[in-house]
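Contents: one structure, followed by commentary.
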Amino acid sequence: MTATHGSEPSVGVSELSYTPEVAHATAPIYERLRTVIPEIEWSVHAPLIAAINELKQQRNAIILAHNYQTPEIFHGVADLSGDSLALARQAVETDAEVIVLCGVHFMAETAKLLNPEKTVLIPDLEAGCSLAASIRAEDVRLLRQRYPSVPVVTYVNTSAAVKAESDICCTSANAVEVVESLGSERVIFLPDEFLGLHIAGLTEVEVIIWKGHCEVHERFTAEELSAYRRQFPDIEILAHPECPPDVLAEADFVGSTSAMIRHVGQERPKRVVMVTECSMSDNVAVEFPEIDFIRPCNLCPHMKRITLPKILATLENLEHRVEVSAQVAGPARRALERMLAVGQGASR
Ligand code: 13P
Ligand code: SF4
């Protein structure tokens with residue numbers, strides 16, 4: 001029988017061990033992951049995975065995981081996964097009473113804004129984002145004073161308070177469609193400078209740009225990419241649009257995390273490098289063992305705050321709840337819903 005999320009959980013962290021039953025129950029998951037997780041580590045992950053998968057049913061909970069989560073989370077316990085746009089869409093569609101968002105805080109806040117009646121939990125409240133930290137609501141108000149009547153397009157990698165000051169949100173998957181949907185000759189785009197420059201190169205709309213950066217993607221260099229090309233002349237280079245312009249110029253394909261995954265699935269290159277957070281390549285390599293993934297490793301320290309023990313604790317204690325004040329939630333939700341109405345737009 002499926003209990004509701006208010007009932008007492010039956011699994012305790014201290015009781016976990018790698019029993020033959022746990023080994024048997026998790027064997028099919030490990031078969032898929034053995035190329036990216038050493039066997040010795042599996043004895044640590046498996047009891048947690050078994051406990052989380054049991055408890056999430058008792059709690060009537062669903063686990064949404066971003067593409068940057070580690071493979072034991074992404075392939076072991078996530079019910080649904082994707083880029084920021086897919087997570088926002090899936091958050092609207094779920095029937096579960098509890099959403100556990102394995103990603104960073106703005107993603108959990110987005111899920112809460114779109115599901116005000118549901119319990120939305122994040123395993124670590126400190127999982128932030130350098131882009132979200134680069135701008136405050138008062139900065140947006142000042143921009144509006146400086147550029148009266150220019151619409152504000154806000155990347156979802158922002159706080160709810162910043163979204164509440166915005167006309168519409170976007171993700172890296174739909175940014176150009178969103179900018180062009182407004183029918184304006186100029187837009188203010190915030191907070192990612194490099195994504196803003198990338199969009200400006202793809203549209204006739206004039207883009208006024210804030211200078212926030214992703215601390216993970218800004219570290220990639222064009223020299224690094226040309227060195228890959230010299231070493232592996234047949235390599236296909238895919239890059240996230242949060243990378244600097246000279247890095248994007250060196251890439252064969254630029255797109256959101258899910259667009260990169262889709263590209264690999266469609267094109268099946270012999271050898272590929274995904275210029276983005278480390279765990280993406282591990283997660284995708286599981287699906288395409290025949291492809292050689294060259295793996296530069298820039299970790300997102302915020303994404304890596306999410307771990308299996310924290311996910312289990314989240315489900316056991318129904319913490320940490322993500323809440324947004326009613327005053328901020330109304331206008332922030334409108335900006336998100338306006339984005340979702342623009343259409344799938346998942347081609348980038
Ligand atoms: P995506 O929406 O492309 O998954 O990007 C989110 C993110 O935080 C990239 O750093
Ligand atoms: Fe934020 Fe960059 Fe981490 Fe994505 S990778 S969550 S943009 S800090």
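This chain uses plain numbering: 1 for the first residue, then up along the sequence. Note that ligands are numbered from 1 as they come in the structure, with each ligand's atoms numbered from 1 the same way.
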Filtering Glu242, Glu215, Met280 for the heavy atom nearest atom 7 (C) of ligand 1 leaves Glu242
Less than 3.5 Å apart, which donor and acceptor atoms pair up between the side chains of residues 281-290 and the rest of the protein, not counting sequence neighbours?
unit_1	atom_1	unit_2	atom_2	d
Asp282	OD1	Arg295	NH1	2.5
Asn283	ND2	Asn67	O	3.1
Asn283	ND2	Gln69	O	2.8
Asn283	ND2	Ser279	O	3.4
Glu287	OE1	Arg32	NH2	3.3
Glu287	OE2	Arg32	NH2	3.2
Glu290	OE2	Arg268	NH1	3.4

In this structure, atom 5 (O) of ligand 1 is nearest to the protein heavy atom His240 NE2, 3.3 Å
Quick note, side chain to side chain donor-acceptor pair (under 3.5 Å) partners involving residues 183-194, not counting sequence neighbours, are Glu193-His213
So the atoms of ligand 1 within less than 4.0 Å of a heavy atom of Ser256 turn out to be 3 (O)
The answer for which part of Ser172 has a heavy atom under 4.0 Å from ligand 1 is side chain
*asked:* Taking less than 2.5 Å as the test, are the sulfur gamma atoms of Cys129 and Cys214 close enough?
replied: no
Honestly, for Asn157 the part within reach of ligand 1 (heavy atoms, under 4.0 Å) is side chain
Of Ala88, Ser84, Gly82, the residue with the heavy atom nearest atom 2 (O) of ligand 1 is Ser84
Within the 4.0 Å heavy-atom cut-off, what Asp83 brings close to ligand 1 is both
For Asp234, the side chain to side chain contact (heavy atoms under 4.5 Å, CB included) test, sequence neighbours excluded, returns Phe232, Lys270, Arg271
Counting only protein N, O or S atoms and ignoring waters, those under 2.8 Å from atom 3 (Fe) of ligand 2 are Cys300 SG
Quick note on ligand 2: atoms under 4.0 Å from a heavy atom of Asn157 include exactly 7 (S)
At under 4.0 Å between heavy atoms, what of Glu277 touches ligand 1? The answer is neither
